[in-house]
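Here is the structure we will look at.
All values below come from the heavy atoms of this structure, side chains included, with hydrogens, waters and symmetry mates left out. Naming convention: chains lettered A, B, ... in sequence-line order (proteins, then strands); numbering from 1 in each chain.
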Amino acid sequence: MNNPAKQQNARTAITPTREQDFPEWYQEVVKAADMAENSPVRGSMIIKPYGWALWENMTRIFDAWLKDYGIQNAYFPLLIPVSFLAKEAEHVEGFAKECAVVTHHRLEKGPKGGLVPAEAAKLEEPYVIRPTSETIIGDAMARWVQSYRDLPLKLNQWNNVMRWEMRTRLFLRTSEFLWHEGHCAFETAKEAEADTLHVMGLYKRFFEEYLAFTGFVGPKTAEERFPGAINTIGFEAMMQDGKALQAATTHDLGQNFSKSIGIKFQGRDGKEAFAHTTSWAYSTRTLGGMIMMHGDDDGMIMPPRVAPVQVIVLPVIKDEAGAGALMDFCNKIADDLKKAGVAVKVDSRDMRTPDKMWEAVKKGIPVRVEVGQREMEANSVTFVRRDLGKDSKTTCTVPEFLAKVSGVLDDVHNGLLSRNRKFRDDNTFDGKGVSDIKDFFAAGKMGFVRVPVETLKDEALEKVKDEFKLSTRCMPFEDEGKKVLIAKSY
RNA sequence: CGGGGUGUAGCUCAGCCUGGUAGAGCGCUACGUUCGGGACGUAGAGGCCGAAGGUUCGAAUCCUUUCACCCCGACCA
């Protein structure tokens with residue numbers, strides 16, 4: 001311990017490690033990667049440029065997929081009249097207790113100084129800041145849908161919503177969060193059901209193919225459904241501490257909302273009918289999930305296909321005299337990478353090389369390229385994969401690197417995905433019923449327990465769930481609805 | 001809302017019990033030596049101690065009031 005050099009070698013970029021304190025590790029990774037920070041507004045975060053760039057990539061790509069599917073983007077108001085929210089009984093029950101309410105439209109000087117809402121400017125009907133937009137979009141749909149010819153109506157909006165949560169954590173649970181919310185209306189129940197399945201399929205494909213993010217997909221149990229839905233399909237991901245994170249959901253709302261809001265149309269048979277509606281979303285929470293799924297004790301590991309920076313070029317300057325030529329060499333490599341469609345950055349800041357290097361590590365940039373005098377003379381580069389660390393250092397010629405870089409990025413992606421799949425599978429345990437669930441969590445183990453769906457009817461389940469703070473996650477499609485997953489969750 | 005706690009430099013905190021006029025580490029600035037898996041030295045910048053009253057010759061420190069935030073519970077994309 002009294003050898004500082006040795007201590008430094010063993011040091012991880014993030015303190016504490018995942019092993020020592022997972023929640024604290026998570027917060028530190030977010031900070032170290034410079035993705036977000038807490039704001040002066042309770043429970044609301046500031047998403048910093050690097051975090052935003054990631055979210056932008058996660059939205060831009062998926063938005064195009066939605067449009068391919070025939071979704072039209074639109075925008076609806078932030079404020080929702082309270083009476084709208086109250087229209088659907090279960091819905092209001094589910095959201096009323098976490099709504100921010102707008103009651104006045106003007107401020108005035110208070111008796112003790114400062115500004116207070118002006119009593120004279122009290123709204124006759126308060127608004128809530130949208131916790132979700134089913135009701136206000138449903139209200140518009142009720143006017144827009146007159147005939148079966150107006151269906152299907154497939155809308156989406158990228159926006160922010162607010163739910164007054166008691167405990168918040170960057171990305172995972174914030175009062176205000178960003179998401180997209182799709183809202184569709186169909187003529188038949190079958191189409192609505194197909195929509196929820198199709199969009200969940202898009203989520204799964206997008207998460208796996210772009211975010212290297214794995215999970216279990218399947219319907220939620222009745223008690224875990226979205227308030228007002230007849231069916232909810234969830235994407236349940238496993239974090240590195242074995243807890244579950246719901247990363248996306250699609251809801252079949254049946255005719256609950258169309259009947260309470262009045263989305264009706266004249267059908268092919270001339271008779272009046274109510275539409276079948278759906279809604280679905282993923283949020284900035286998924287971004288938090290990516291940190292908890294991919295990160296290691298040195299910080300974030302960005303999945304390459306959405307990484308804001310895929311390759312960072314680090315000029316290693318030994319003497320000022322050769323610096324100009326070295327920078328030119330680095331910039332040339334970067335230009336060639338850009339032409340090949342790689343998101344590349346040359347870190348030419350006037351800083352120590354090791355400091356730049358660790359910053360790149362903590363930000364999780366998938367491939368780091370080091371270029372010094374040696375490389376320049378041999379027209380070569382030395383590169384390191386973030387997911388494998390310094391042992392993966394490889395030197396090759398510049399043309400070789402240009403030819404293989406996209407393959408290397410694919411390798412990083414595939415490596416993350418298969419590692420995460422393995423982790424998920426290694427920590428999913430089969431049980432026969434309640435007593436197996438109890439034994440598992442009583443032994444202090446973490447992960448998902450997969451039991452036959454009949455277990456849900458066992459009265460002893462509630463007690464065990466309460467005791468260990470467990471919840472039912474979903475009934476995975478891969479088990480054909482015969483099994484249900486039980487876990488602790490975020 | 002129930003129970004606990006904290007407000008002092010950009011950040012994390014010490015000082016408060018036992019009043020005497022502001023501290024540390026990190027970060028930041030400048031210069032030098034450094035720079036391929038976390039650097040050192042030297043010199044600096046930066047705070048009316050959450051707010052308002054009170055006690056006192058004197059308050060970050062004691063008293064009163066107030067505001068804000070954090071943690072534990074129920075809820076949750």
Side-chain angles (χ1 to χ4, degrees), chain A residues 4-5 7-15 23 28 31-32 37-43 93-99 110 112-114 130-133 159-169 171-181 203 220 224-227 229 232 234-237 244-251 279-289 298-299 314-320 323 326 347 349-362 368-375 381-384 386 389-393 395 466 469 471 489-490:
Chain A
Q7 266 179 283
Q8 277 169 8
N9 284 341
R11 190 171 149 203
T12 56
I14 302 297
T15 320
E28 291 302 320
K31 260 188 250 169
E37 65 184 28
N38 283 309
S39 76
V41 182
R42 199 204 80 110
E93 171 85 11
F95 286 108
K97 54 188 175 291
E98 52 185 27
C99 281
K112 294 178 199 162
R130 63 183 164 221
T132 178
S133 303
N159 63 0
N160 52 348
V161 291
M162 175 161 278
R163 299 179 187 179
W164 208 264
E165 303 289 355
M166 286 299 138
R167 283 202 62 198
T168 59
R169 283 175 72 195
F171 291 118
L172 298 177
R173 189 183 302 107
T174 47
S175 295
E176 179 184 0
F177 61 87
L178 304 178
W179 71 350
H180 74 283
E181 46 176 330
Y203 287 149
K220 306 285 265 183
E224 297 281 342
R225 273 178 206 146
F226 177 77
T232 288
F235 185 104
E236 293 292 333
L245 183 93
Q246 183 174 305
T249 46
T250 65
H251 312 294
S279 68
W280 26 260
Y282 72 77
S283 70
T284 36
R285 166 182 272 192
T286 301
L287 203 160
D298 284 332
L314 240 55
V316 181
I317 297 167
K318 277 268 173 30
D319 63 305
E320 294 300 322
L326 188 60
D347 194 345
R349 291 175 302 168
D350 178 22
M351 281 170 60
R352 284 165 39 79
T353 304
D355 292 338
K356 293 190 205 177
M357 188 201 76
W358 280 105
E359 189 178 304
V361 169
K362 289 186 278 193
R368 185 174 81 242
V369 172
E370 296 174 357
V371 179
Q373 200 66 32
R374 288 205 294 267
E375 282 81 2
V381 296
T382 298
F383 69 94
V384 191
R386 171 62 181 86
K390 65 175 174 180
D391 295 338
S392 69
K393 265 196 194 183
T395 300
D466 282 350
K469 292 182 184 149
S471 55
S489 79
Y490 276 94

For [X] and [N], give me the distance from atom [atom1] to atom [atom2], rounded to whole Å.
X	N	atom1	atom2	answer
A:Arg349	B:C35	CZ	C1'	14 Å
A:Met351	B:G27	CE	P	11 Å
A:Trp358	B:A39	CH2	P	10 Å
A:Met357	B:G38	CE	P	7 Å
A:Ile14	B:G37	CD1	P	19 Å

*Presence of salt bridge, A:Glu359 and A:Arg368, under 4.0 angstrom*: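 No, this pair does not count.
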Residues two or more places apart in sequence or in another chain: which of them pass salt bridge (charged side-chain N to carboxylate O under 4.0 Å, His left out) with [X]?
X	answer
A:Arg167	none
A:Lys31	A:Glu28
A:Arg130	none

- Task: Not counting sequence neighbours, which residues clear ring-ring contact (aromatic ring centres under 6.0 Å, His included) with A:Trp179? List them please.
- Result: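 In terms of ring-ring contact (aromatic ring centres under 6.0 Å, His included), with neighbours along the sequence ignored, A:Trp179 is linked to A:Phe177.
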Measure from the side-chain N and O atoms of [X] to the backbone N and O of [Y], and report whether any donor-acceptor pair falls under 3.5 Å.
X	Y	value
A:Gln373	A:Lys318	no
A:Thr174	A:Phe171	no
A:Asp298	A:Ala13	yes

Assign a letter to each nucleotide of [range] from its 5' end: B, base within under 4.0 Å of a protein heavy atom; S, sugar-phosphate only; -, no contact.
range	answer
nucleotides 28-34 of chain B	------B
nucleotides 69-77 of chain B	SS-SSBBBB
nucleotides 2-10 of chain B	---------

Can you check the distance between [N] and [M], where both ends of the measurement are the [atom1] atom (answer in whole Å)?
N	M	atom1	value
B:C69	B:C31	C1'	41 Å
B:C28	B:C70	C1'	27 Å
B:A24	B:A45	P	13 Å
B:A59	B:G53	C1'	13 Å
B:G38	B:C48	P	40 Å
B:U64	B:G20	C1'	24 Å
B:C72	B:U34	P	50 Å
B:C62	B:U18	P	9 Å

Requested in this report: For the residue pair A:Phe226 and A:His251, categorise the inter-ring angle as parallel (less than 30°), tilted (30 to 60°) or perpendicular (more than 60°).
Outcome: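 Plane angle under 30°, so parallel.
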side-chain contact (heavy atoms from CB on, under 4.5 Å) with [X]: which residues, sequence neighbours excluded?
X	answer
A:Thr286	A:Met58, A:Phe207, A:Leu211, A:Ala247, A:Tyr282
A:Arg374	none
A:Arg169	A:Pro23, A:Tyr26, A:Gln27, A:Leu172, A:Tyr490
A:Pro227	A:Phe95

Indicate, with a heavy-atom threshold strictly under 4.0 Å, whether [X] touches base, sugar-phosphate, or nothing.
X	value
A:Gln373	base
A:Asp298	base
A:Glu93	nothing
A:Lys356	nothing
A:Arg368	base

### Task
Could you pull out the closest heavy-atom pair between A:Ser471 and A:Glu224, with the gap in Å?
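That would be CB-OE2, 3.8 Å.
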- Item | Atom of A:Val161, atom of A:Pro131 and distance for their closest heavy-atom approach |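 It is CB-O, 3.7 Å.
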Under the rule of Watson-Crick or G-U wobble with both distances under 3.5 Å, where | means paired to another strand and [ ] a crossing pair, RNA chain B maps to (((((((..((((......[..)))).((((((.....)))))).....(((((..]....))))))))))))....
